[in-house]
Protein chains: 2
Amino acid sequence: MSIQKDGKLNQIGTVTADHVAAEAGVSRWTVNRAFRQEASISAKSRKKVMEAAEKLGYVPDLLASSLRSERSNLVAVLVDDFANPHKLVMMERLTRILRKHGWDTLLVNMLGEADTSAALLSASQRRVDAAILIGIQFNEEVLATALGAQRVRKLIIFARDSENPNTISICCDDVGAMTAIADYVLNKGYRKPLFLAGPQTESAHLKRKDTFLELWRQNRGDLPASISVPFYDPLLAYERTADYLASHDRSDYPDVVVCENDALAMGAIDAIRFRFGLRVPQDIAVTGFDDVPQAASPNYRLTTYRQPISAMAEALVEVLKGNNDPAHLCGFLGEMIVRESA
Amino acid sequence: MSIQKDGKLNQIGTVTADHVAAEAGVSRWTVNRAFRQEASISAKSRKKVMEAAEKLGYVPDLLASSLRSERSNLVAVLVDDFANPHKLVMMERLTRILRKHGWDTLLVNMLGEADTSAALLSASQRRVDAAILIGIQFNEEVLATALGAQRVRKLIIFARDSENPNTISICCDDVGAMTAIADYVLNKGYRKPLFLAGPQTESAHLKRKDTFLELWRQNRGDLPASISVPFYDPLLAYERTADYLASHDRSDYPDVVVCENDALAMGAIDAIRFRFGLRVPQDIAVTGFDDVPQAASPNYRLTTYRQPISAMAEALVEVLKGNNDPAHLCGFLGEMIVRESA
DNA sequence: TTGTAAGCGTTATCAA
DNA sequence: TTGATAACGCTTACAA
């Protein structure tokens with residue numbers, strides 16, 4: 001593919017900065033400078049270098065670059081919950097925006113809580129600039145231990161709030177969001193909500209349930225009922241909702257089920273309709289959270305809340321660049337998406 | 001964190017093989033050998049090294065390793081279609097199985113057909129052992145050009161069939177799969193199928209539509225109608241199906257809609273139900289392909305076909321290891337998943 | 001089985 | 001603005 005200095009054909013066709021330097025009649029370091037924005041280099045030199053690079057098909061080797069420098073321009077995204085379609089949305093946004101700003105993404109499938117340490121190890125062995133957790137099962141304690149042992153430069157919890165002082169959380173304001181939902185539900189005249197929550201783990205968590213219950217109590221005086229499932233799985237939500245309804249008298253049914261996210265909301269809707277033959281929203285209304293693509297389907301027409309994922313991803317980039325004060329990154333506000341389910 | 005040879009505190013706390021070597025009283029190369037399975041090293045030396053490594057918190061640096069050797073144990077997965085939930089299933093399987101065998105995954109968000117080249121460039125700059133395409137929009141021509149220019153060692157098309165001789169396709173046998181579906185539909189007594197296909201692009205494609213139509217013609221003598229949408233998007237499938245039904249007399253309605261995948265099938269079901277008030281399967285039946293998690297929901301209860309993704313991913317690993325004959329990798333057979341939609 | 005020399009392609013640092 | 005030296009941490013090849 002390309003000829004090396006010694007004339008030998010290189011196995012993977014590598015063209016190095018030295019080749020370009022020889023072609024352009026400059027030094028290797030000038031070639032390097034031509035490929036960075038901030039470098040002090042004359043326009044003329046840069047032009048010469050770029051033409052030579054184009055001609056030879058040179059691109060900088062990010063591996064070698066990462067080895068010598070303190071940056072790899074690589075981040076790891078750790079995911080442990082591929083059942084929730086919202087993960088797909090987050091991955092799409094994160095990878096797109098990270099790539100736009102020059103970062104590549106290492107996708108690490110965390111096989112469970114016990115795998116946290118191994119997953120972080122994988123990331124650290126590639127010298128990622130940061131590890132981003134968009135999972136749910138990681139345990140704060142395991143995390144702290146793993147973090148101490150591994151040389152992960154930054155640990156970012158995305159779309160979730162962590163108590164761990166060594167991590168940076170980027171998430172939306174759960175109080176603000178739940179206030180929007182509670183206001184909507186109240187204004188629509190619902191009076192008997194049931195809260196359907198996800199895993200009640202000790203890991204970085206969502207304050208949505210407690211926030212909603214407290215807001216409701218402040219407004220109406222009574223504390224709504226709540227149920228939960230161990231995973232954000234629509235089928236579990238289906239079963240749990242069905243159990244709840246089956247164990248209550250029709251007169252004790254909620255008039256609205258407020259769900260911690262869309263995955264749960266869709267399961268709840270299915271149960272209300274297919275297990276009890278009731279109508280949504282006429283008999284029981286349902287609200288979600290996330291606005292996954294399926295929420296818009298004619299089946300669900302889900303009233304939900306959309307987090308500003310793109311803005312959150314942009315903030316993450318600022319953190320990577322070191323431009324952001326990590327203290328104020330959990331105040332993002334989204335918007336109510338009103339459809340027909342409530 | 002750790003002390004270097006020169007006594008300086010290393011910024012990122014790096015413990016190198018040299019540190020471990022000093023601690024264990026062996027050479028750096030013995031440390032290296034201790035960390036590989038095939039190396040010729042005495043059990044005693046290995047034990048000494050491993051204890052020292054444990055004590056110092058040493059792990060090999062994959063970046064430095066990749067730089068010198070011909071392998072990076074890193075593969076890129078290029079995705080351009082985050083709307084289809086089946087992508088989430090494939091990513092979960094691929095990352096899990098790759099990681100099990102020692103490969104890390106670079107997730108590259110291909111922003112469109114025109115981005116093929118840039119996406120492959122990203123991958124090549126990290127020296128991936130292979131680039132795996134699970135997208136749909138890449139163009140054969142662009143691919144060929146990009147492939148020539150970039151130093152990607154292997155290009156693997158996953159779950160899709162490519163004509164490009166320089167790529168390796170790993171996919172299921174579309175003829176076998178469509179035969180199973182056609183047989184099922186015929187045996188159930190349906191006589192007027194409509195085929196709902198995805199993008200009819202020139203890129204690596206699915207032969208499902210042509211195969212089904214031909215099988216049907218051979219069996220019944222008539223050629224079924226077919227329609228298509230430009231993306232695998234349920235909402236587009238909804239609109240297209242609705243258009244088709246609206247422009248036909250009730251007596252000309254199909255008795256079954258055979259869909260190229262589940263995403264389209266779910267859109268079709270929504271249209272049949274919510275736009276025309278018809279029942280599935282009593283008025284019009286629907287079949288899918290992929291068996292995405294949502295296909296099992298009480299809403300859809302979709303009769304579909306499940307590809308053996310895990311087996312395909314294992315085959316991919318064999319290709320990476322160089323153990324497989326790339327000639328016979330499109331013969332995977334899945335299984336019919338029979339539910340109530342047809 | 002173990003050790004030595006050389007080098008992977010880039011960048012930090014300093015000198016010109 | 002440009003060039004030179006040394007190093008990043010590891011692995012290939014070969015020698016002991």
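Source: prediction; values computed, not measured. Just so it is clear: chains get the letters A, B, ... in the order the sequence lines come, proteins before strands, and each one is counted from 1.
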Answer yes or no: does a side-chain N or O of Ser27(A) lie under 4.0 Å from OP1 or OP2 of dG3(D)?
yes

As a test of reading the structure: which of dA13(D), dC10(D), dG9(C) is closest to the side chain of Pro60(B), going by heavy atoms?
dC10(D)

Considering residues, nucleotides and ligands other than Lys47(A), do more than 12 of their heavy atoms fall under 6.0 Å from its NZ?
no

Among dT10(C), dG3(D), dA6(C), which nucleotide sits nearest the side chain of Arg33(A)?
dG3(D)

Taking only side-chain nitrogens and oxygens of Ser42(B), does any of them come within less than 4.0 Å of OP1 or OP2 of dT2(C)?
yes

Quiz question: going by heavy-atom distance under 3.5 Å, is there a donor-acceptor pair between the base of dT10(C) and the side chain of Arg28(A)?
yes

Could you work out, with ring-ring contact (aromatic ring centres under 6.0 Å, His included) as the rule, every residue matching Phe158(B), not counting sequence neighbours?
none

Selection from dA5(C), dC10(D), dA12(C) that lies nearest to any side-chain heavy atom of Arg36(A):
dA12(C)

Whether the side chain of Arg68(B) and the base of dG9(C) hold a donor-acceptor pair under 3.5 Å is what I'd like checked.
no

Contact list for residues 308-318 of chain B, test salt bridge (Lys or Arg N to Asp or Glu O under 4.0 Å), sequence neighbours left out:
Lys100(B)-Glu314(B)

Nearest listed nucleotide, side chain of Leu67(A), among dG9(D), dT10(C), dT2(D):
dG9(D)

So, under a plain 3.5 Å distance rule, would you say the side chain of Arg127(B) forms a donor-acceptor pair with the base of dG9(C)?
no

